[in-house]
Structures are given as structure tokens and as C-alpha cells.
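We name chains A, B, ... by the order of the sequence lines, and we start the count at 1 in each one. As the structure is a prediction and not an experimental result, all values here were calculated from the model. These numbers come from the heavy atoms of this one structure, side chains and all, not from hydrogens, waters or symmetry mates.
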Amino acid sequence: MPLADPTIRVRIAPSPTGPLHIGTARTALFNFLFARHVGGTFLFRLEDTDLARSTTENERDIIEGLHWLGITWDEGPDAAGGDDIGPYAPYRQMARSASHKAAADRLLADDAAYPCYCTTDELEADKRAQEAAHQPPRYVGRCANLTAAERAAREAEGGVPALRFRVRPGVVGWNDMVRDRIEIDTANLGGDFVIVRADGTPLYNFVVVVDDAAMEISHVIRGEDHVSNTPKQILMLEALGYPVPEYGHLPLILNPDGTKMSKRKSQTAVDDYRGQGFIREGLVNYLAYLGWSPGTEEDVLSLDEIIERFDIDKVQKGGARFDRDRLEWLNGQWIRQLQPEDLIDRLRPFLEAARDDGRISRVPSDDEVRSLMPVVQERLPTLAAIVDLVGFLWVDELVVDPALVVPKRWDAATTVDGLTAARAALAAHDPVTWEADELEPPLRELVAARGWKAGDLFMAIRVATTGRTATPPLFDTLVALGPERTIRRLDAAIATLTAPIARA
RNA sequence: GCCGCAUUCGUCUAGAGGCCCAGGACACCGCCCUCUCAAGGCGGAGAUCACCGGUUCGAAUCCGGUAUGCGGUACCA
């Protein structure tokens, strides 16, 4: 652990207008990594000013999702539901409106901002005119220099003003932590911009500046889609007399087609990945490598190892497409590294879900699952895959496609012959020694005696007892199935194969 | 349209003037292992480092331009 550095303070400030987004999680992760690597403070602030779209369910989803990933904050809402934790509480914007109001009043008093009485109709007309003239859209400044008398007149007419920030001419620049020097001429900012709506509620860009300053944020690390907000925020910081933090703009996570990742084209909810059986270790590892790499040839790293190696200088500048194949591979890597007992615990909800929707008839005991670990753990790309892999073990009525039971090189008659002989050999086996290395030799002998290929017989037995052509090793599977069900399933398969033959 | 940013195998990336006619990983293909499927091992294919000029003895790496892509352009966040 590095020595604590109280001067480094970073934050994630999601707005609860939707469930935890993979992009939010990635931004949170990078802030977290940055803070933990240098021993700084990582805080969480809820940007809940969009009343119409914010919900408490989303808040919970975001907080829980981040914690699930192992991303924890030093200051912010209490994940357990208690009061906000930290010296700068509250950590939700709606609860901080007094300070926003004070800042707005200060800007107004300094004439750094002014009331704007323009109506939406006027604004839209301006925009249309600019479009027609092939001019970039910008506020024309109609209310920028109103006299006190003019303002009073507007008020008297019932005009309710929004508050606009006065954009000064010049160039605003900063040394971005990931993309070096960026300079933007304020003439391209679209004119004076609104910071407080006519209804009195403040806008994101303004609130963020006030809250970040109040919480003494030293480094603002966020998505590239915010670079155009940065000059506006710097301008407001200057007007308010606050120090300007360092900025770092992360490359975007992209859809497979290269556009900014969206719900429309990709799966974006962290909880959906979780529900599909991705584990936190895999997801975090994958997310960290989207736009960053340690510069070594390591690719499977734990959160702690990533913290150790994290360096914002090594963050990529270009966007990164989300590659689910790679995520699955990493997830499998991490599933294989889990302690068996841990894996069993994590598998349980997926087995319960499968039982609830009828894919399996019952949830196996921990002992049953534990005995399967040696053959199952290395075969799981996701936790949810357990059901496809060995769900047949917990199904009462196994449905077997007769066509599948007959191996490629065999015909139905040979298959019946083979299964019957195998059934006899297995039925003769002492149920007490029903173990993989006990079951195999007699069947090998049978194969040799009849001149068959082991693979053919084994495949017939496999499909007859599991309904599938791909399973864990056959004899381990039969052991898990137990003598009784093995014989019963063999009988059932033989019966379905003989019926049509008898008719023919 | 305007402003900004980006551009190394299909994808994620290594690379900070000679170590690179470019390394790793995923995906793909083949072989080995093998009762199937995985896992694992080995090997293969895959990038004229977007393009064009320049600087230099030497450029993926520095400079300029072009192209393409993306982001932003709200009384959204």
C-alpha cells in the first residue's frame, strides 16, 4: 500500500438515470485505480439533479454494482444505507442546492452571469436562422447587456429568467493527463451558456464545478465525451476563484461498429453481465484493459495487481471496442482460479434460477456440486454455463433425441446392441465401487471383445444418459448420475431405439 | 456546418529515432493430448504501423498536410 497522499482526490459522479452502465463502471474503476495507486482519496457523488429520470432503484443498482466489482469509496453514500460518509457530506447533489444557489448568486453579483429572458421560441428561431446561414449554433447574446430598467420591464411582463454564464473571449487550455495539451477558443463554445434553468434548478456543468471545488477534487478523470465541457468548467472555476484541477479524458468504450457504446447496440448494464455469470474478477480485469495496459505481456491480473501497476500515462487515446469473446476468455481464466468452495457458492444462484425457470428439476446439494468441481471448473466460461454443461444431472425427465444416440459410424441396430451390452456390464457392476476408474475397464473389455471402437460405444452411452454429445468425461458423468439413473436412462434409450426397429 | 480528438494484425494492445521487414493476447486454422467437449501444450495464418510529403545516416516512433472515423455542439447528464 502506498503512503496516503491527501492532496489527491478523485471522484465518480454518476447520475441515477439508469442502471450501472459498463462505461460508468470503467470510469469509476480508473478513478479508483488512480487513487489507490497513489494513496489518494476516491469519492462517490450522486448526480441526482435530473429529477424526472432519477430513481432510487438506479441508485441502489449503481452502488451495489460498483461494490460488487470491488470498487469502494472513501467518501460518499453508505453502501449499507446509512448516512453519507465523509467530511464533505452530503454527497448527493440535490442535497447541496444551497451551495449551488450561493455560487450562482455570486456569479450574478459579479456580473459573470446574467439573467436571460429569452423564450424557447426565440432561441429556436435563432438556431434555425444560424442553420440556414450555415453558422454554428450559438447564443446570440440578446440578454447579455440588458440595463437594470430593461430587466425590470421583463420581470414586470412576467418573464422568468434563466441564468447565463458570460463566456469571455480568448483561449482556454489545459494539459490533459491522457491526451496532452488541449486548447479551445472560447468563440467555439456556443456563446454564453445557461447554468441555472428558469425554474431555478442548476445544470450539470455548473453543479459539477461547484461540487468538485467544494470537495476539493484534484484530478477529474472522465470520459472523452466531456472534453468539450472542460473549457466551460474551467471558465466557471476561474470566475468563482477556485483552483482548476487536473483533467484526464479517457477513451470511450465503443460498440463493435466503432460508435460510442450504447444500450441500443450493446449490452451496457453491469448487472446483466453479472446475471449471465460473469464474475467480478473477470469483468474488472477486462474493463481495466480497455484503454489501458501495464506495458508488459501479462493479461490476467487481479484488482490488487492492477492497482500496483496502474499508470494514467499508459492510458490509450483512441476508443476501444468491446470484445465479448475476450471478456469470456478472461472470465474463464478467473473461474478456473477460484477456490472450489467459492465457486460452489457463486454457482448456487444460477442453479436456483435454472430450477425456477424449469431448466432443471431440482437444485443439487453442495456435496453434489463439490464432487463435480474437478471436471466442471475448467469447462465454465461463465457461471451460468453450469446448466448447459451438467444440467442433465438434475433433470427428472431427460429428453433424448434418438437420432443423436446413434454414433456416426454405427447404425441403430449396432447401437441397441452396444447399449444393451453396456447396460448388462454396468448393471453387473458393484454399486459400491461405482467409480470412474472402476467403470471404464469392463467397458473397454467389452469394446475389445466385440471389435468396436471405444469412442463409438462411449458416445452412444453419453448421449443416452445425458442427451448431449458434449459432456464432461463420460465415466465421471456416470458416477455423478449414479448406478440407478444410469441404468434407467440406458433402458429408456434402448426402448426408444427398438420401437421403430420393431415396426420396420 | 463548426470545434475537438483519434488512427499499429478482424479485436484489445506492446512499441516513446536504430533492439521492429513490428512483440503478446482474444478470435480463427492445424497438430499434440484424448471417450466427446473443454482446459493445456506446440505451431500457423493475420499489420507495406491510414495516406502523402518532410526532418534524419536511420521513423511505427518527430513535423506538416490529406483521408477516414469518432466525440461534442441543450434551460440532458
Which pair of non-hydrogen atoms, one from A:P231 and one from A:I184, has the smallest distance, and what is that distance?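 Between these two residues, the closest heavy atoms are CG-CD1, 3.9 Å.
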Would you name the heavy atoms of A:L490 and A:R423 that are closest together and state the gap between them? CD1-CA, 4.0 Å
Which nucleotide in the set [options] lies at the smallest distance from any side-chain heavy atom of [X]?
| X | options | value |
| --- | --- | --- |
| A:D325 | B:C26, B:C76, B:U13 | B:C26 |
| A:E297 | B:G24, B:C75, B:U13 | B:G24 |
| A:T259 | B:A25, B:G71, B:A77 | B:G71 |
| A:L474 | B:A77, B:C35, B:G1 | B:C35 |
| A:P137 | B:A74, B:A6, B:C35 | B:A74 |
| A:I182 | B:C5, B:A38, B:U13 | B:C5 |
| A:Q316 | B:A25, B:A14, B:A77 | B:A14 |
| A:E378 | B:C35, B:A38, B:A27 | B:A38 |

Would you please confirm or rule out a distance under 4.0 Å between OP1 or OP2 of [N] and any side-chain N or O of [X]?
| X | N | answer |
| --- | --- | --- |
| A:R336 | B:G40 | yes |
| A:R321 | B:A27 | no |
| A:Q333 | B:G40 | yes |
| A:R324 | B:A27 | no |
| A:K314 | B:G15 | yes |
| A:T49 | B:A77 | yes |
| A:K260 | B:G72 | yes |
| A:T471 | B:C37 | no |

Atom [atom1], compared across [N] and [M]: separation rounded to whole Å:
| N | M | atom1 | value |
| --- | --- | --- | --- |
| B:C42 | B:G24 | P | 12 Å |
| B:C3 | B:A50 | C1' | 23 Å |
| B:U56 | B:C63 | P | 15 Å |
| B:C12 | B:A27 | C1' | 11 Å |

One pair to check against salt bridge (charged side-chain N to carboxylate O under 4.0 Å, His left out): A:E328 and A:R324. What are the steps and the verdict? CA-CA 6 Å; A:E328 281 200 12; A:R324 200 182 164 99; 3.8 Å; yes
Charged N-O contact under 4.0 Å between [X] and [Y]:
| X | Y | answer |
| --- | --- | --- |
| A:R309 | A:E305 | no |
| A:D311 | A:K314 | no |
| A:R222 | A:E47 | no |
| A:R142 | A:D126 | yes |

Check this for me: does the side-chain of [X] come within 3.5 Å of the base of [N] through a donor and an acceptor?
| X | N | value |
| --- | --- | --- |
| A:N229 | B:A77 | yes |
| A:R53 | B:A77 | no |
| A:R379 | B:C37 | yes |

Within the stacking criterion (centroid distance below 5.5 Å, interplanar angle below 30°), does A:H226 stack on B:A77?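 Here A:H226 meets both the 5.5 Å and the 30° conditions.
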On RNA chain B, nearest-nucleotide positions of A:S15 versus A:D257: which is more 5'?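 Its nucleotide being nearer the 5' end, the pick is A:D257.
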Considering heavy-atom distances to RNA chain B, does A:A13 or A:A320 have its closest nucleotide positioned more toward the 5' end?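 Closer to the 5' end of RNA chain B: A:A320.
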Which nucleotide, in any strand shown, forms a Watson-Crick or G-U wobble pair with B:C26, with both distances under 3.5 Å?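 Check on B:C26: paired to B:G10, both distances under 3.5 Å.
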